[in-house]
Every structure is written in structure tokens, then in C-alpha cells.
Amino acid sequence: MRLSNLILLYRVRLRMRLVQELLAIMGIAVGVALLFASQIASTSLDGSVRQVTSGIVGDMRFQLAARGPSGFDERLLGEVQRIPGVRAAAPVLEQHMTVLSASGSRSVELIGTDPHFAHLGGPLLRHFTAAQLAGQQAFALPEPIARSIGLLSLQTVNIEIGARVIQGFLGAELLESDIGALVNSPVAIAPLAYAQRLAGMPGRVTRIFVQPFAGHDREVQTELTRLAAGRLNVRPAAFDASLFDQAAGPTNQSALLFSAISALVGFLFAFNAILLTAPQRRRLVEDLRLDGYGRWAIVETLVFDALILGTVASLAGLALGDLLSLAVFHSKPGYLSFAFPVGTQRIITLRTAAIAVGGGLSAALVGVLAPLRGDVLSPLSLAPVMKPAGRARTSGFPLAGLVCLAVTTGILLAAPRAAIVGIVSLLAALLLLLPSLIREGVLVADRLQRSIRGASPYLAIIELSARANRSRSAAIAATGAIAMLGSVAIQGAHANLQRGLDRSSQDLARIADLWVTTAGPQNVLATTPFNPTATGKLSHLPGVAAVRVYRAGFLDYGNRRVWVLGPPRTATAPIPPSQLLGDDLGGVTARFRQGGWVVLSQALAAEHHVGVGQSITLPTPRPRTFRVAALSTNLGWPPGVVILNGDDYASAWASEQASAYNVMLRPGVSPGEGQREIERALGAGSGLVVQSAADREGLQRRTSRQGLGRLTQIATLVLIAAILATATAMGAMIWQRRPRLGDLKVDGFSRGVLWRALLLESALLLGIGCSVGALFGLYGALLLSHALATVTGFPVVFSLGVSTAFVSFALVTVVAVATVAVPGYLAARVRPAVIAGD
Amino acid sequence: MVELRSLVKHYRAGAGESVKAVDGVSLQVAEGELIALYGPSGSGKTTLLMLIAALLRPDSGAVVVDGREISALSDADGARYRLHELGFVRQTLNLMPGVSAIDNAALKLLATDIGSREARRRVVPLLDRLGLGERLHHRSEQLSMGERQRVMIARALSTEPKLVLADEPTGSLDTQRSREVLELLTEICRERNVAVLLVTHDTQAVAYADSAHTLCDGRIVEYEPDKQLAAAGR
């Protein structure tokens, strides 16, 4: 068919079903938007770290990296330069620091490098060759970061670095014209010597980037490994980006899983909206075929329908997703920024848009073509042709539904990693079982209405029982049920995950009455080291019973940047009890205190093929072999955790530095009193802050909530979409009912009776659909929680979440019925004459 | 023009039963001729129309249109046949709601190689001839039932078919409008030399036919106006 004819055909038919088309567009657009926004969030996170990494490493191929924060001697640079085949080598010192100003503070990664080598690095360092900065004892900040805290170049500023507050000189602001998108990265650039001075690490560097001559990669790598001598890491230059991919993977995976479910829910909204128009389309297909349209012409017409629907919905979805990513999803998971330079730039790739649009178009094609497949392929009939007696097409639905439910159960028990398949089979089970459940529900309602006087319940039940209305009723109820399933499943899984993280935070914080750590938002996990020079002073304070040194940091282990916790040997509960996989807490704690034992997170142990009792050598600055005392969750740190006692930590890191003081107060001394006493003892400008266990727990909870922000937002959006979709679908159905309402008015039914009948019908239909959906949602939440626990290793506390399900059910049903009241009222006002005119 | 040769179509109705919907029907319709087939519900009228429209295959017998056997056409050839050689006018007025008379009438032409503008241009004289010249751009809801049926006739004739199958075309109309529609259908088909097979149980409609037959239990029997009128009166 000609394109112009297809367009005309589409245009004229659009007038017949504008409302339903808009519903379908809305459904698909919601799905596309959620997919697109969550993809943008993921690519922006990964991309920002990748940009910083490539901004530093440029054409460098390898790096010699320190295993701990204290770095290594910069004189190693000379040896590296002397390796045959090395074209150039550039030393770099990296340290976290917080720039303070009167109007706020910003945490940045201080990157110090030798200006003579900077031209070999990426765009971030190349700019640094400017003689202006190279000659100064100053650092440079990206302009947006400087402006955000009211700083201008050429001024002295306060800096928190380690446990010290010092003064530094802001020599320049880096503009977008200098460093492009990196302008949004949380970095500060300084000459190496100045950075060493700021960090208090003279003569130390944390990495040396190496560029070999062409064809000399292997020999250079071999020599670097020899130089590293098992105490430094030899990695590809851009290895940090890989580490970040691994760290952000579980978060991105769970967000993608939730987004995919949301997209599926969105698609099913659309599918149901399209189902509402199926009788019209079916009649049209029949007419067109009768008029001589061939099957291919019909398929062309339907595909054109689907392409227009898919394109418009995808474009709307991209716009909505863009807004979502700006307004809602654009929150970085703060906990990852403790270990990686996560920027604030939004990165949208062609692939991201293509995935979202592809999803939208596929949904539209399936949605339009699937229900009419039979009408296009089967022989055309002008009248109901007599067919051999047989069972109805739907008679096998309940059995198929039970099979799908069994598949979901199988996945839950045996393969929770395939959660998305499990959710699809759960949705299929819901859709297959729903018609029978509606029938049963209507039968019960019918029995109840017999004991009630009044025409409204009678009319409502008659409408719901009518065979001709069954498909439409099932489509409406399915919309509510699917929305409820998605919403309850996501909210339930999210709540279980949040509960697990909260319990982990509680266990971690409550090992001390007070925590003394370095200041700054970067230190929620207490990983910034400082010299524990105040131990004696604090121990002698009258309110203090004991001061213990707590150590923690990050360790690059394989392709993971793991969180290593070194609680004091004498801590009361050094192993978080709720996070231990196994029940021998007493034995594990005893081995922990004994030394030489570690607790590993499950995924980490699995990756290194070690079990309880087996040995593992950690790639610490001074490599040491430990035995595995027990396995744990990942405590909310996606790459995994290692717990060992503080003394073992000091030995393996060859450093007595602390990451926190764990202070135990004397009986009768309140945390507030103890806090004030310690703050007085430390004095102003110490760079250390004092927190009660409750404050610290609250801070960790807030951080984990920030990390789960996207999941919370997705759950809320699905609930809103559920309300909108069910209300709109019901409204559209009621509006189409006007001729029959006019007919009933001719028979003497009053407006009030009809309105109440419509509301009752809506309430019954949505009540049945949403309650069934909520029940299936609880099952979905169980499945998703298992998937999260298995796939990501997050601490998950399983709970049925009945109250959450009930609140969602009540919210969707009440709001949707209340919304339907308006079109119901207007429809009930129809004049009896309508039927004569139509 | 159209020749039905001993057409037979039976349906199975379960438990080994068989319903003889069309049972050995033979009939001829010449160019420009209007033949009425009178029959009550269940007499086999619709099945017969489906056989002629190549929507069903007969169990035996043949449908020959312009010397071509159409009973065994493939699905695609059947569609082409309906598009170019056949027009269908139905009792149910399946005009697309919210769509103008001209676009509804041009719908069939869109399946041909003609562009939408040309399709619209072509149906204008037809609609004019059917008395809808002033109503071209009125939406279907704004048209009376008689006008809607005339739009359906325009759609059926838009591809200049040789044969029109009219299935109870006045079933939804009152007496006055039935007469108007039948007069127009008869006139316009004669002008264009189009054969018409009118299936009806309206004795008034039969009066417009060149000849009439009665279909009873799938068989053609002689049309007896007095008997039919008496039956209708009962």
C-alpha cells in the first residue's frame, strides 16, 4: 500500500479510538521512560568515572599502583624509567580532600602530578602543562565546583585532608573549554610536590602511569611486575573504570531489573489499553478484508499503526525519561563516591536511547499484532459459522496459569538469578488465572447482592456477569492487577533490602559508644587514615572507659575494590551478628580475636573459590595469608567486604594508622556528655569529628537510602502509574457504555441508580483485580528479594510486607474509584435519546 | 456474468450431524441484472454470499464470474477479486465513527495503487450521484441511517466492480429510506452495468429485482410473492 494511503487510513481510524490510543501511548511511554532514565543513571555513573580515568591516563598503558593509602616512594619512578621499552612514566599522588568555604564544602579527589609528564596524560592533566599553574604552589578546581561553594581563583582556602585542616591556594579554575565534560568531575589538580605537601606525604606517590614504546608492552609489564615485588599492583592504566563497573554493577543490575519490571508493567498497561480497542480493530479488519484488502495489506496497516504508536510513545517516553533522570534519578549513590571519583555529569549515549526506543517499538508491535493475529490469519466469516462443538478457548487458562505459577516457584527455589523470567511467568500466571478468579468473585458478589435491596448492585452484577463483557472486564481488572503486582513486588523487595541494610548499619555502628573519625562526607565508611596520636589523651578523660583503634580501608582485590574492616580485637561485637551467614557467632568472634582469621563476604569467597576454614592470601601492602572464619553478606558494599581484627589489619598494611577511635564510655556517662568531653580534648581544628553510635547509624542509613534512591523512586512511579492507568481504563470503559446507559434510562432507571451501579461495578472489578495483583505482588517481592540476596549479596531481611501491600491496594482502589466517579457521573447523565441517534 | 453451478456447502454441527447450509444451488446473474434472493433467517443466504465472495470454499459445485472459476482462488487472489470485481453492501452500517463520508467511501480505494487524494477525487461523483454531494465532509455520526447506507454503497462501487452483493441493505432502514436506497442502488447499478445479487427477507425490496428466487433450507425454490407476503403478514 502507498504510504499516503496508510497515513490516511491511520488518521481516519485514530478518531475512532483516540482515548484508547492515548492510554496505550501512556503505558508504553511510562515503560520507555523508566528504562531510559535508569539507563541514563547507570551510564552517567559509569561514564563519569570512565571520563575521569581517561582524563588522567590518556595514552598511558600501565600503572604501578599502591595497595594502601600511604602510597610508595617516588624514587621508584627512576627505576621505572630505566626499564627498557618504557617511553614515558608519570607519577601521580591521589588523596581525598574536602575544600571548605564560608558557604559550604565539596569533597574532591586531589590529583597531583609532575607537570613535566602531564602532557602524556589525558585532557585533565594536559591542561596542567600551563606554565601559570605549573610554576605555582597551588591547586586548580573545576569551575562549577569552585562556584558551588563560592570560591574564586587566586585565594587561600581551608582544606580538610586526613585528620588535618590546612590552608591551600586555589590557583585556577578549570573551565569546560579546557577539560570538556570533566568539568563536572569531583577533582582537584595540583603539581605533585604541592599535592605531597597538602597531603603530608613528602616523597610519596600512589601510582606511576607508564607508556611503553610500541611492541614493548609485554616486556614492560614483566619488568613492572618484578619491580612491584608483590607489594604493589601492576594493572592496565584505566583499571579504575573496570573496578567501578564491578562496584556499580549490582546497583545497576537491580535498578535495571526493577526498571525492566516497570517497563513490563507499562507494556501490559498498553497491551490492555490496546485490548480495549481490539473489538473495533477486529471489526475493521473484517470490513477491510471483505472490501478486498489482502492479508499483507492488513498486516501493513497494523504494522503502521504499531510503528506510529511505538514511535510517538517512545518519543514521549524519551522526553519523560529525560525529565525523570534530571529531576528524580539524578542522585549518585553516595557510598560509591567514597571509593571512586563519581561525577555529576549526565551522560546519554545513542545505545541508551536505542535500547529504550527498541523496547517501545517492540511493545507496540506485539501489543497491536498479537491480539489480532487470529483475525488476520483465520478465514473471514460474515456471520457466526457453525463450528463443531468444543471447549472454549479459555478453558485451559487456569491450568496454564498454575503451570506458570509452578515455574515461578521453581525459579524462586532453584534459580533466583533468573528472577526476571520468574516475574514474567508470575505475570503470565496472573493473567491466565484472573478470568476464573473474576468469575468466582462475581459469583460471590452475586450471592451477596441477592440479600441487598436496590437496583444498583443488581445492575453492576449483571454487567460483570454478561458474557459479552468478560474480555473487557478481564482487561480492566488485569490492568489493576498488573499494576498492583509490579508496585507491591518492587516495594516489598525494596523494603526487605532497606531493612537488611538498616540492620547492617546498626550492627556496625553499635560496636562503640562514640566514634571519632576524620571529618567530611567522604568518610561514612571510616576509611580515611590518620595518625592515632590522641589515643592516650582521650583514654585519660574522666568519662571515657576505653579508647580502641578502628582501622578500615579499600583494597583492590582481583577486579573488586573491597571494603576491609579492622575492628578492634577487644570490641564487644566486632562481627555484625545479623550479617553472618551461619550461626556460630561465638566461635567466629573467638577466631577473630585470636588473629589470622578473616570473615569474607559470600560473593568474594565464591569468586576466589574459598570456603570456611580454607586459606586466602590478601593482596595487601604486606601480603598475608588468613584462614576464612565465616562468610557474611556484603554489608551493603557491592564489591564485597573482608573483616579482620585491627592488629592483623595494621600488620598487613604495614601501618599503625587508624581510621577511627572507638570510644567506650563509663557507666552513667551519656553519649552527649562524652561527645562534648572529647571535642574539648581534641580542640578546634583537629580535623576529627565525634559521633554517637546512633548518629553514625543514622548517617549510614541515610547513605544507604541514597544508594537505594532509584529503587524507591521506581516503586513510587509504578504506584502512580497504576492509579492513573486503572482510573483511565475504567473511565474509558464507562464512557463507551453511554448508549447502554441511555437504553436503561428508557427503561426507567434513574441517574443516581446508574451512577451507583457504575461505581459499584468499578469497585468490584478493581477490588478483585487489585487484591489478586497484591497477592501475586507479595510472591513477586519474595522472588525479587531472593534475587537481590543471591545476585548482589546485599543484606536482605525477608518479610511478607502485607501492610505495604494493603496500603498500595487501598490507595490504588480508592483513588481509582474516586477518579472514576466523575466520568461515571457524566456518563449517567446521558439522555435516553442517545441510543436513537447512534 | 455470475454463474453458480450446483453449489453445496455443509457444516458439521457436532455428534456427526451435518447442516446443509447451501444444498445444490444453481443460479445465473447477467450484467446489469438485479436478482433478489428471498429467504428467512437460517435459510443459507449468508453462506451463499460467502461462497460468491470467495470467503468460503464449496464442498462441491463452482462459482464462475466472467468465465473464471473463483471457488478455488488463493487467499491473495480472493482478496484481489473482492477488491476489483466485487462490491459488498451490508446491513450493519460499519462506517468508521468520527470519519467523514468522503473518507469512509474512499476506504476501499486505498487498498489499490491509487493515492489518497485521487481516491477522494474518485468517490466524489459517486457520492454526488447518491445524493450526498452536500454531505461529503460530514462525520458518520452526523449522517442519517439512509445516508450512511448510501456511503456504504459508494464504498462498494468505488472500485467499479462487476458484481455487487447486497446483504439485507435495508435491514436498518424505515420504509421511506429503504425505498430511496433501493431505487438508487438499482439505478446506479444499471447505469454502470453492474450485476447485483440482493439477499433480503424484505418483500418490498424484492419488488426492485429483475427476477427473484426463494432460498429455503439451502435450496432455491420458486419465489411466490403471495405466499411470502402471507408469511410476512403472519
Side-chain angles (χ1 to χ4, degrees), chain A residues 1-21 277 279-301 304 376-391 736 738-739 834-838, chain B residues 10-15 17-19 21 45-47 49-50 53-57 75-88 90 92 94-100 103-104 106-120 139-141 155-156 158-159 161 165 167:
Chain A
M1 267 174 86
R2 284 184 174 208
L3 182 62
S4 62
N5 293 0
L6 284 171
I7 292 170
L8 177 69
L9 207 50
Y10 177 81
R11 196 166 57 77
V12 296
R13 281 175 301 129
L14 184 62
R15 294 178 201 151
M16 294 163 63
R17 44 159 213 255
L18 187 61
V19 174
Q20 288 87 348
E21 197 83 353
T277 64
Q280 285 175 354
R281 287 182 202 251
R282 196 162 283 145
R283 209 171 56 201
L284 180 76
V285 167
E286 186 189 298
D287 272 357
L288 293 178
R289 287 183 68 184
L290 200 58
D291 274 342
Y293 279 63
R295 284 198 174 110
W296 178 240
I298 301 282
V299 170
E300 272 183 320
T301 311
F304 190 78
V376 177
L377 297 178
S378 63
L380 186 59
S381 172
L382 294 179
V385 176
M386 297 171 86
K387 287 177 185 168
R391 301 181 71 179
Q736 288 174 350
R738 285 181 308 142
V834 166
I835 49 165
D838 199 34
Chain B
H10 294 181
Y11 294 116
R12 281 186 298 150
E17 275 185 58
S18 175
V19 174
K45 299 190 300 278
T46 301
T47 301
L49 289 184
M50 287 171 70
L55 294 169
L56 270 182
R57 289 191 180 190
D75 188 66
D77 288 340
R80 264 192 291 279
Y81 158 67
R82 285 192 295 279
L83 181 63
H84 295 291
E85 297 177 48
L86 195 71
F88 226 111
R90 294 172 72 183
T92 49
N94 285 347
L95 291 187
M96 291 194 288
V99 177
S100 65
D103 283 341
N104 261 304
L107 182 70
K108 190 175 179 183
L109 275 172
L110 297 180
T112 67
D113 289 336
I114 297 167
S116 54
R117 188 175 299 175
E118 175 63 13
R120 282 201 185 109
R139 293 196 307 274
S140 54
E141 295 84 355
R155 185 196 288 184
S158 62
T159 54
L165 300 179
D167 185 7

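Chain letters run A, B, ... following the sequence lines, proteins first and then strands; every chain starts at 1. Scope of the values below: all heavy atoms of this structure, side chains included, with no hydrogens, waters or symmetry mates.
- Of the candidates Leu165(B), Leu55(B), Leu86(B), Leu290(A) forms a side chain to side chain contact (heavy atoms under 4.5 Å, CB included) with just one, namely Leu55(B).
- Expressed to the nearest 0.5 Å, how far OH of Tyr293(A) lies from NZ of Lys108(B) amounts to 10.0 Å.
- Heavy atoms only, all atoms of each residue included: Gly294(A) and Ala79(B) are closest at CA-CB, 3.5 Å.
- In terms of the side-chain contact (heavy atoms from CB on, under 4.5 Å) criterion, residue partners of Thr112(B) (sequence neighbours excluded) are, by chain and number, Leu83(B), His84(B), Leu109(B), Ile114(B), Thr159(B).
- For a residue to count as touching a neighbouring chain, one of its non-hydrogen atoms must lie under 4.5 Å from one of that chain's; by this rule Arg120(B) touches chain A with the side chain only.
- When all heavy atoms of Arg82(B) and Arg289(A) are compared, the closest pair comes out as NE-O, 2.9 Å.
- Proximity to chain B is absent for every atom of Leu6(A), based on heavy atoms less than 4.5 angstrom apart.
- Legend: residues meeting side-chain contact (heavy atoms from CB on, under 4.5 Å) with Ala21(B), ordered by chain and number and at least two apart, are Tyr11(B), Thr47(B).
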